[in-house]
Every structure is written in structure tokens, then in C-alpha cells.
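As the structure is a prediction and not an experimental result, all values here were calculated from the model.
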Amino acid sequence: MASADWTPWRPLRLAEDVPASTLAEQLDGGQTFRWSREADGTWVGVFGRTLAALRPGPLGLEWRGPKGATETESALRHYLDADGSQARLSEALPWRSDPVLCSARAAFPGLRILRQDPHEALIGFLCSSNKRILQIRVMVAALAEKLGLPLSDGFHALPTWAALAKADDAVLRACSLGYRAAYLRGTAQKLLARPRWAEEFAGMATKDLLDELQSLPGVGPKVAACVALFGFGRLESFPVDTWVVQALAEAYGLRGWKPAQLEQFGKAHFGEAAGLAQQYLFSAARQGALRPAAVTLPSALARPKSRR
DNA sequence: GTCCAGGTAGGAG
DNA sequence: CTCCTACATGGA
């Protein structure tokens, strides 16, 4: 990457340091699909219209950005929860009485939910159904390159809904979206008529937010939960995907439970930051680091007879 | 060739 | 409401 026009590296001074392995999981573990690791271990990515680079340093995480982009540092600090509000939530999770969560949490110290743009989260997870994380990254990168606003050094922002709504079928097809192209197009057409959608959605109670998201084509319960969690900072949202199903079945003995039941369990067992707990379990399961010992559950959390 | 992937939509029972 | 399946595409 050409780097002549970048600022020098500076420490980001997070309230809590992020080890290199946790940083990698945060940036390349399925929360966002917009970061990539350079050969020297530096991470480069785009969020919103911000292009930035991160790397672990002797004094903690270091950052740099294009010269002249004055808000890179503050954008990064917000994105990475620099003031540590999630540290308290993580501490308050029931890890003391839950050995599975305890080990998953210990495997990824400092892991946080990235505070993404609603737009970024929605586009990313509209592409996510029935796809591996690596393939989602390819799709989202292609969308940005072909339809997004150019930034410096050949990087691009994600496309606007207007750009997606009017994009040629051939262009979308060239992004390897498959049937998800119709999801993006349909959602773009609906949101195009509602330019303040993100602000409107942000003002809603989480339940209403989830309903509103699910009214969009290509958005079901799981994608809505991810957008609420990653894009709207609803830490209580508990997305249930294949990895979480597996983790809860194997480590918590919840075999045969349906996704809606598992979601109910997750919210009841993990509480106000269930989404953060979910991310620990997701990461641990995906890396094969999930402790297989079954958890003894309080009887109050017995399997519900009906969903929701 | 077969199977699977941070699921969803549409239809049948 | 609860199952069941088709869906595009690419990698193992």
C-alpha cells in the first residue's frame, strides 16, 4: 500500500488494551467485513467514510490515517469503544458462575462489539446469509469498489442505497452476490424513500427496531439481530447463527432447541449485554476454543414450551 | 460430483 | 404457527 500520504503512527490510548489476537478477531471475526491485514501485521480498513490503519504497539494500539483527514482518531475511538463502556458490561456478565463463558471470555480479552454505522452493518449482513465470512468480505469489497465513493489510496466507502437501487444487474452479478442481489436491491428501494431511516430506527425501542428491520427484504430474525447489535449498539440483542446454535448445544446442553428458544435463553441467561456474551461464544466456537464442559443451568432457565 | 456456508422467503400442512 | 425447501455462488 502506498503510504506516503499517511500520518505517522500514534498511540490510540484506549481505556483497555487490546491484544493482537483479540484485535484480529474483532476486525476479521464476522462483526465487520471491511478490514484486511497487511503483510507486516497492520490492519487497514474503512468504516463510514473513514479510512484508517491499526497495529499493536509497545504502548498499546497505534493508529494512522490519511493526512488531512482530521477526524480519523476520534472516529476510531468511537468505533473501538475507547472509553471502555463495554468493559463494565463485560465485567458484569455472569462469567463467574458460567465456566463456558469464563473460558470464552478469557480466550479473547478485551473483545468488544464494534460500534458500526447502521448502513455498514445492514449491507454486510444482507450479504451474509448462507455464506462464509471470507466470502462475505469478497462480496462487500466488490460492492464498495464498483459502486462506492472513492476514498484515498484506492479504497472506497460502501455504496449508498441510491447507488445500489440504480446499479446494473450485471454489476451486482459481478459482485458474486447470488440471490442476495435482490435483497440489496429491494432494501435499497425501500430505504431510498426514507433517507432518515437510520435516525428513525435509532430512536426506537429494540423490539420495534427489530420489527422494522425485519420488514426489509433479506432481513430475517438473525440479520435483524446483527444489525441491531453491531449497527445500533443494542448490546442486549442476541443473534443466533449456526455457530451460536452449535455452541449452546454442545457447551450448554441445549440440543434440539430452536433459534427463537435459544435467543430467549441467551437474553435471560446473559442479561443486558447478551450480545457481547454471544460474541465471546461465537468467536470461541469458530476458533474451536469452546470449552466442552456442560453448564448446570438454574431451573428458571428451563426450556420454554413456546417461543418468544 | 457432493456438501456446506454468521439465513430468508414462500408455500404447505 | 411450524415445518420444508429453493435459493446463487464459491471453496473444500
(request) Measure from CD on A:Gln261 to P on C:dC1 and round the result to the nearest Å. (result) 14 Å

(request) Pick base, sugar-phosphate or nothing for A:Val138, based on heavy-atom distances below 4.0 Å to the nucleic acid. (result) nothing

(request) Mind checking the OH-OG spacing from A:Tyr280 to A:Ser103? Nearest 0.5 Å is all I need. (result) 12.0 Å

(message) Would you measure the distance from the C1' atom in B:dG6 across to the matching atom in C:dC3 and give it in whole Å?
(response) 23 Å

(message) How many whole angstroms separate atom CD of A:Gln214 from atom C1' of B:dG7?
(response) 12 Å

(request) Specify the separation, in whole Å, of atom CD of A:Glu263 and atom C1' of B:dG6. (result) 14 Å

(message) If I compare all heavy atoms of A:Ala165 with all of A:Ala188, which pair ends up nearest, and what's the gap?
(response) N-CB, 3.9 Å

Name each donor-acceptor pair under 3.5 Å that joins a side chain in residues 240-247 of chain A to protein atoms two or more places apart or in another chain, with its distance.
{"residue": "A:Asp241", "atom": "OD1", "partner": "A:Trp243", "partner atom": "N", "Å": "3.4"}
{"residue": "A:Asp241", "atom": "OD1", "partner": "A:Val244", "partner atom": "N", "Å": "3.0"}
{"residue": "A:Asp241", "atom": "OD2", "partner": "A:Trp243", "partner atom": "N", "Å": "3.2"}

(request) Return the 5'-most residue of the pair A:Pro239, A:Pro217 with respect to DNA chain B, ranking by each residue's nearest nucleotide. (result) A:Pro239

(message) Students often get this wrong, so: under 4.0 angstrom with heavy atoms, is A:Leu229 touching a base, only sugar-phosphate, or nothing?
(response) nothing

(message) Rounded to whole Å, how long is the line connecting atom CH2 of A:Trp243 with atom C1' of B:dG7?
(response) 16 Å

(message) So which atom in A:Ala144 and which in A:Leu158 form the shortest heavy-atom distance, rounded to 0.1 Å?
(response) CB-CD2, 4.2 Å

(message) With a 3.5 Å cut-off and heavy atoms only, can you find an N or O donor on one side and an acceptor on the other between the side chain of A:Gln246 and the base of B:dG6?
(response) no

Nucleotides 11-13 of chain B: which of its N/O atoms have a protein N/O under 3.5 Å away?
none

(request) May I ask you to say what A:Gly218 touches in the nucleic acid, namely base, sugar-phosphate or nothing, with a heavy-atom cut-off under 4.0 Å? (result) sugar-phosphate

(request) Find the distance A:Arg286:CZ to B:dC4:P and express it as a whole number of Å. (result) 19 Å

(request) Specify the separation, in whole Å, of atom CZ of A:Arg137 and atom C1' of B:dG6. (result) 15 Å

(request) Please work out whether the ring planes of A:Phe201 and A:Trp197 are parallel, tilted or perpendicular, with thresholds of 30° and 60°. (result) perpendicular

(message) Regarding A:Arg255 and A:Glu250, does a basic nitrogen lie under 4.0 Å from an acidic carboxylate oxygen?
(response) no

(message) Could you measure the distance from the CZ atom of A:Arg234 to the CD1 atom of A:Ile113? Nearest 0.5 Å is fine.
(response) 14.5 Å

(request) Spell out protein contact along nucleotides 6-12 of chain C as letters: B when the base is contacted, S when just the sugar-phosphate is, - when no protein heavy atom is under 4.0 Å; keep the 5' to 3' order. (result) -BBBS--

Hey, can you pull the donor-acceptor pairs under 3.5 Å for the side chains in residues 125-136 of chain A, sequence neighbours left out?
{"residue": "A:Ser128", "atom": "OG", "partner": "A:Phe125", "partner atom": "O", "Å": "2.8"}
{"residue": "A:Ser129", "atom": "OG", "partner": "A:Tyr179", "partner atom": "OH", "Å": "3.1"}

If you look only at distance, which donor and acceptor atoms sit under 3.5 Å apart when one is on a side chain in residues 39-52 of chain A and the other is two or more places apart or in another chain?
{"residue": "A:Asp40", "atom": "OD1", "partner": "A:Thr42", "partner atom": "N", "Å": "3.0"}
{"residue": "A:Asp40", "atom": "OD1", "partner": "A:Thr42", "partner atom": "OG1", "Å": "3.0"}
{"residue": "A:Asp40", "atom": "OD2", "partner": "A:Thr42", "partner atom": "OG1", "Å": "3.3"}

(request) In whole angstrom, give the distance that lies between atom CG of A:Leu184 and atom P of B:dT8. (result) 14 Å

(request) Describe the nucleic acid contact of A:Gln278 in one word from base, sugar-phosphate, nothing, applying a heavy-atom distance below 4.0 Å. (result) base

(request) With P as the reference atom in both, quote the distance from B:dA9 to C:dG10 in angstrom, rounded to an integer. (result) 23 Å

(request) Please name all residues satisfying ring-ring contact (aromatic ring centres under 6.0 Å, His included) with A:Phe108, sequence neighbours left out, ordered by chain then number. (result) none

(request) Find the distance A:Ile136:CD1 to B:dA5:C1' and express it as a whole number of Å. (result) 8 Å

(request) Report yes if the ring of A:Phe282 lies under 5.5 Å from the six-membered base ring of B:dG6 with planes under 30°, and no otherwise. (result) yes

